[in-house]
**Q** 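The following block contains the structure, expressed as structure tokens.
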Amino acid sequence: MKTAALIMAGGRGERFWPKSRKRFPKQFLTLTNSDRTMIQSTVDRILPMVNPEDIFIATNRDYRELVRKQLPQIPEENILCEPEAKNTAPCIGWGAVAMRKKYGDAMMVVLPSDHIVLQPLLYHSVLRNAIAAAEETDALVTLGIPPSSPNTGYGYIQFDTESLPGGHGAFRVKHFAEKPDLETAKRYLAGGEYLWNSGMFIWKTSAILREMQEYLPENYEELVAIEAAIGTPAEQEILESRFIRMKSISVDYGIMERSKNVYVLPASFGWDDVGSWLAVGRINPTNDMGNVIKGDVVTVNSTRCIVQGDRKTIAMVGLEDIIIVDTPDALLVCSKESAGDIKRVVEILRAVNRTELL
């Protein structure tokens, strides 16, 4: 059976302000010591398993040219530009009907565009197991990351000891848990039956569309209409009118938490979801003082800092656990413990109509 990939790349990346902006969000940025952007790295990782012509990119229509420029190997018709942000269930549904239109039934690998994988060979091995499991059983398979700390920034997946028929290392999902408080996260870690929710999914297009028909029937009707219009003169008009009518809901809420046919495959391959500037400190090499530095930076008695320079020299004296990000029109100075509040800066700028900084 054909294996195709859908890479979700429509987010705004507001926790990476001021580098990530509405016109140039984080998936199109270089945030590691590689010269490849986040979305380019995601495509690079999947290419050993999926041909370029079988990779689909779901993004905002504002980013069509960015996708074309950074991923020239992706066919034009595989760039799915959403008329409106509607969360992951409509995005994945559109990808599934686009694949069904092109291939009939196919294996569908769904990947966010902003993750880091440090061990790609293990990643490929896990994906092969997940694809085999989903192909043989019609199950919805997700990848779960064994937690290394009581992280409160991730959702969690509780699994039981019932394995998927045929093996492949997947276990039935008992429960999807939202981002917990610290005490709950500590309990999850100690219990040994919880995994971090990676947001990566593997299934047949027929399987996910069957679940959408059952649990999100109104969305499914719109998707069928969009599918029928693909390749016709009315395609864009139908897409515009039908996509915006779909319920905005995540695939986790809409399908995964309700389906009785969900399995999780525990997977360790050096994963990070790169959700905030703190991730830059985790995934990049540090110097002798524990700092992660990019640009023209001078440090004196400063430790465990993350600094992203632009054109000017940045001098740091006597600082600890600070994030500094310089751009031509904005400067961020933030304690690491407050990194989760950077999104509030964007909310304030939006409220006072500082659109040139968004």
Side-chain angles (χ1 to χ4, degrees), residues 3-60 62-76 78-81 95 109-127 143 145 198-200 267-287 291-297 306-311 323 325-327:
T3 296
L6 176 72
I7 297 173
M8 299 181 291
R12 302 294 192 191
E14 293 180 347
R15 289 182 178 85
F16 278 87
W17 187 90
K19 283 276 190 180
S20 181
R21 304 290 182 97
K22 181 179 178 180
R23 66 183 180 274
F24 210 95
K26 74 168 179 177
Q27 59 268 32
F28 301 105
L29 297 175
T30 302
L31 295 175
T32 69
N33 57 353
S34 164
D35 60 356
R36 303 291 279 171
T37 66
M38 301 296 288
I39 193 170
Q40 287 173 331
S41 295
T42 303
V43 170
D44 292 345
R45 278 196 301 274
I46 199 66
L47 277 177
M49 302 185 65
V50 180
N51 295 325
E53 62 268 22
D54 300 322
I55 296 174
F56 292 73
I57 310 294
T59 190
N60 186 289
D62 293 340
Y63 306 146
R64 178 187 291 276
E65 292 307 311
L66 281 173
V67 171
R68 291 177 64 185
K69 182 177 180 180
Q70 293 198 4
L71 301 171
Q73 71 273 47
I74 302 300
E76 179 75 22
N78 287 11
I79 304 174
L80 309 180
C81 294
V109 179
V110 181
L111 304 170
S113 60
D114 53 0
H115 290 182
I116 288 292
V117 170
L118 299 179
Q119 297 169 291
L121 294 180
L122 286 176
Y123 170 77
H124 296 151
S125 177
V126 167
L127 277 183
L143 304 185
I145 310 299
S198 74
M200 292 182 270
S268 296
F269 39 67
W271 172 87
D272 198 298
D273 80 333
V274 196
S276 74
W277 281 114
L278 294 178
V280 173
R282 294 193 298 266
I283 63 180
N284 286 292
T286 60
N287 64 16
N291 300 313
V292 175
I293 289 174
K294 184 176 182 179
D296 184 10
V297 181
I306 298 169
V307 189
Q308 297 275 305
D310 187 61
R311 298 172 185 172
I323 300 168
V325 183
D326 185 39
T327 68

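Quick caveat, the model's predicted, so the values are computed rather than measured. Along the sequence shown, residues carry numbers from 1.
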**Q** Taking the side chain as everything from C-beta on, heavy atoms only, tell me whether L118 gets closer than 4.5 Å to D272.
**A**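 Result no, sub-4.5 Å side-chain heavy-atom pair not found.
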**Q** Please check this pair: side chain of W271 against backbone of Q119, looking for a donor-acceptor N/O pair closer than 3.5 Å.
**A**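 No; zero donor-acceptor contacts below 3.5 Å.
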**Q** Using the test side-chain hydrogen bond (donor to acceptor under 3.5 Å, both in side chains), find all partners of N291 that sit at least two apart in sequence or belong to another chain.
**A**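 By the side-chain hydrogen bond (donor to acceptor under 3.5 Å, both in side chains) rule, N291 matches no residue at all.
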**Q** For A4 versus F56, what's the shortest heavy-atom pair and its separation?
**A**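 In terms of heavy atoms, the two residues are closest at CB-CE1, 4.4 Å.
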**Q** What's the spacing between T37 OG1 and Q27 CD if we round to 0.5 Å?
**A**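 Taking OG1 in T37 and CD in Q27, the distance rounds to 9.0 Å.
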**Q** Less than 4.5 Å apart, any side-chain heavy atom of V325 and any of F16?
**A**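 They are not in side-chain contact.
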**Q** If every non-hydrogen atom of V292 is compared with every non-hydrogen atom of G281, which pair is closest and at what distance?
**A**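 Closest approach of V292 to G281: CG2-CA, 3.9 Å.
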**Q** Using side chain to side chain contact (heavy atoms under 4.5 Å, CB included), reason through I145 and S268 one step at a time and then give a plain yes or no.
**A** CA-CA 6 Å; I145 310 299; S268 296; 5.7 Å; no
**Q** Report yes or no: does N78 contribute a side-chain atom to a donor-acceptor pair with the main-chain N or O of E53 at less than 3.5 Å?
**A**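 Checking the backbone N and O of E53 against the side chain of N78, a donor-acceptor pair under 3.5 Å is found.
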**Q** How long is the gap from CG on D114 to CD1 on I7, to the nearest 0.5 Å?
**A**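 Rounded to the nearest 0.5 Å, the CG-CD1 separation comes out at 11.0 Å.
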**Q** With a 4.5 Å cut-off on side-chain heavy atoms, are R12 and N60 touching?
**A**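 Of all side-chain heavy-atom pairs linking R12 with N60, at least one is under 4.5 Å.
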**Q** Calculate, to the nearest 0.5 Å, the distance between atoms CZ and CD1 belonging to F28 and I39 respectively.
**A**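 It is 4.5 Å, given to the nearest 0.5 Å.
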**Q** May I have the step-by-step check of side chain to side chain contact (heavy atoms under 4.5 Å, CB included) for H124 and M49, ending in yes or no?
**A** CA-CA 8 Å; H124 296 151; M49 302 185 65; 3.8 Å; yes
**Q** Count the heavy atoms belonging to other residues, nucleotides or ligands that lie under 6.0 Å from NZ of K294, then report whether that count exceeds 12.
**A**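 For K294, atom NZ is crowded (more than 12 foreign heavy atoms under 6.0 Å).
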**Q** Looking at residues at least two apart in the chain, or sitting in another chain, which of them share a salt bridge (charged side-chain N to carboxylate O under 4.0 Å, His left out) with D62?
**A**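 By the salt bridge (charged side-chain N to carboxylate O under 4.0 Å, His left out) rule, D62 matches no residue at all.
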**Q** When you compare the side chain of T59 with that of I79, does any pair of heavy atoms fall below 4.5 Å?
**A**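 Yes - at least one pair of side-chain heavy atoms lies under 4.5 Å apart.
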**Q** Might you point out which heavy atoms bring I46 and A5 nearest each other, and give the distance in Å?
**A**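 That closest heavy-atom pairing would be CG1-CB, 4.2 Å.
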**Q** State the CZ-CG distance between F269 and L121, to the nearest 0.5 angstrom.
**A**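 F269 CZ to L121 CG: 12.5 Å, rounded to 0.5 Å.
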**Q** Check whether any side-chain N or O of K19 sits under 3.5 Å from a backbone N or O of Q308 as a donor-acceptor pair, and report yes or no.
**A**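 Checked: no pair found.
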**Q** Any heavy-atom pair between the side chains of P112 and D273 that's under 4.5 Å?
**A**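 Answer no - side chains too far apart.
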**Q** Say you draw a straight line from CG of L80 to CG of L6; how long is it, rounded to the nearest 0.5 Å?
**A**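 Result: 6.5 Å between the selected atoms.
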**Q** Can you give me the closest heavy-atom contact between K26 and S20, atom names plus distance?
**A**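 K26 and S20 have their closest heavy atoms at N-OG, 2.9 Å.
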**Q** Quick one: salt bridge (charged side-chain N to carboxylate O under 4.0 Å, His left out) partners of R21, sequence neighbours excluded?
**A**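 So R21 forms a salt bridge (charged side-chain N to carboxylate O under 4.0 Å, His left out) with D329.
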**Q** Which value, rounded to the nearest 0.5 Å, describes the distance between E76 atom CD and R68 atom CZ?
**A**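 Spacing of CD (E76) from CZ (R68) equals 4.5 Å.
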**Q** Begin with the C-alpha distance, continue with both residues' side-chain angles, and end with the deciding distance and a verdict on side chain to side chain contact (heavy atoms under 4.5 Å, CB included) for Q70 and V43.
**A** CA-CA 10 Å; Q70 293 198 4; V43 170; over 6 Å; no
**Q** Where the side chain of S34 meets the backbone of T30, is there a donor-acceptor pair that is under 3.5 Å apart?
**A**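 Checking the backbone N and O of T30 against the side chain of S34, no donor-acceptor pair under 3.5 Å is found.
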**Q** Run the numbers on N284 and L31 for side chain to side chain contact (heavy atoms under 4.5 Å, CB included), then give the verdict.
**A** CA-CA 9 Å; N284 286 292; L31 295 175; 5.7 Å; no
**Q** Taking the side chain as everything from C-beta on, heavy atoms only, tell me whether L127 gets closer than 4.5 Å to L143.
**A**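 Of all side-chain heavy-atom pairs linking L143 with L127, at least one is under 4.5 Å.
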**Q** R45 pairs by side chain to side chain contact (heavy atoms under 4.5 Å, CB included) with which of L111, V50, V117?
**A**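 Running side chain to side chain contact (heavy atoms under 4.5 Å, CB included) over L111, V50, V117 with R45 returns exactly one hit, V117.
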